[in-house]
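A short worksheet on the structure shown next.
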Amino acid sequence: MSLTSAQLGRPAAESTEQARTPYRHGLPYGTVPDLVIDEIVAADERLWVPQSDDVSFRPLLFGVSHGYYVNVLRVRRSGVLSRHRHAGPVHAQVLKGRWHYLEHDWVAVEGGYAFEVPGEVHTLVVPDDVEEMMTLFNVTGSLVYVDPDGRPTGYEDVFTKLALAREHYESVGLGADFADRFVR
Ligand SMILES: [Fe+2]
């Protein structure tokens with residue numbers, strides 16, 4: 001027996017007029033404002049928060065209420081990003097360049113997407129022939145920096161990212177609270 005339209009997630013057909021009629025009611029009490037960003041690869045260099053030498057990030061969302069963040073990571077050199085372990089899932093969308101992990105044989109390529117599972121331990125490498133890499137990362141939970149045997153050496157989460165952004169935006173004259181517009 002074949003599945004019904006409803007079982008396949010297809011809505012009931014509507015007249016053209018009804019299909020173009022917006023929802024007539026307000027959002028439920030308690031919803032927070034949408035966050036819309038036009039230019040995720042910011043032209044204004046001040047928006048890029050330095051994280052280490054030649055590595056910076058452009059915040060898109062600090063999800064403090066659910067312990068995650070979304071940002072564009074930019075690496076302007078070929079090299080290695082510190083080995084770390086993820087407690088939660090990671091979604092990666094490569095906007096420019098390419099990279100791979102020392103621990104895996106796959107390569108994240110421009111225009112591609114990768115899902116990284118909780119428990120992942122990896123070391124990100126940008127190859128020598130890539131001048132600039134930019135990837136949109138959605139990272140849930142904490143990221144623990146580890147030595148080659150898994151011993152913790154540091155950590156990062158939505159709160160360290162937010163603290164770094166607030167400090168940077170203050171230092172470039174935008175004000176620490178510029179970062180707060182990305183908080184939900
Ligand atoms: Fe990672």
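Only heavy atoms go into these numbers, but all of them, side chains included; no hydrogens, no water, no symmetry mates. Each ligand, and each atom within it, is numbered from 1 in the order the structure gives.
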key: Pair Q7-T4, side-chain hydrogen bond (donor to acceptor under 3.5 Å, both in side chains): steps then yes or no   = CA-CA 5 Å; Q7 286 171 320; T4 65; 3.3 Å; yes
key: Where at least one partner belongs to residues 34-69, residue pairs that pass ring pair (Phe, Tyr, Trp, His ring centres under 6.0 Å), sequence neighbours excluded   = none
task = Ignoring hydrogens and angles, state whether a donor on the side chain of H84 or H122 is under 3.5 Å from an acceptor on the partner side chain.
result = yes
task = Among Ile, Leu, Val, Met, Phe, Trp and Tyr joined by side-chain contacts under 4.5 Å, find the other residues sharing a cluster with V107 and list them by chain and number.
result = V109
request  = Nearest 0.5 Å please: distance from the CG atom of L61 over to the CZ atom of R184.
outcome  = 7.5 Å
ask   = Around the Fe ion (ligand 1), how many protein N/O/S atoms fall inside 2.8 Å?
value = 3
query = Can you list the other members of the hydrophobic cluster that holds V146, where links are side-chain heavy atoms under 4.5 angstrom apart?
reply = V121, V144
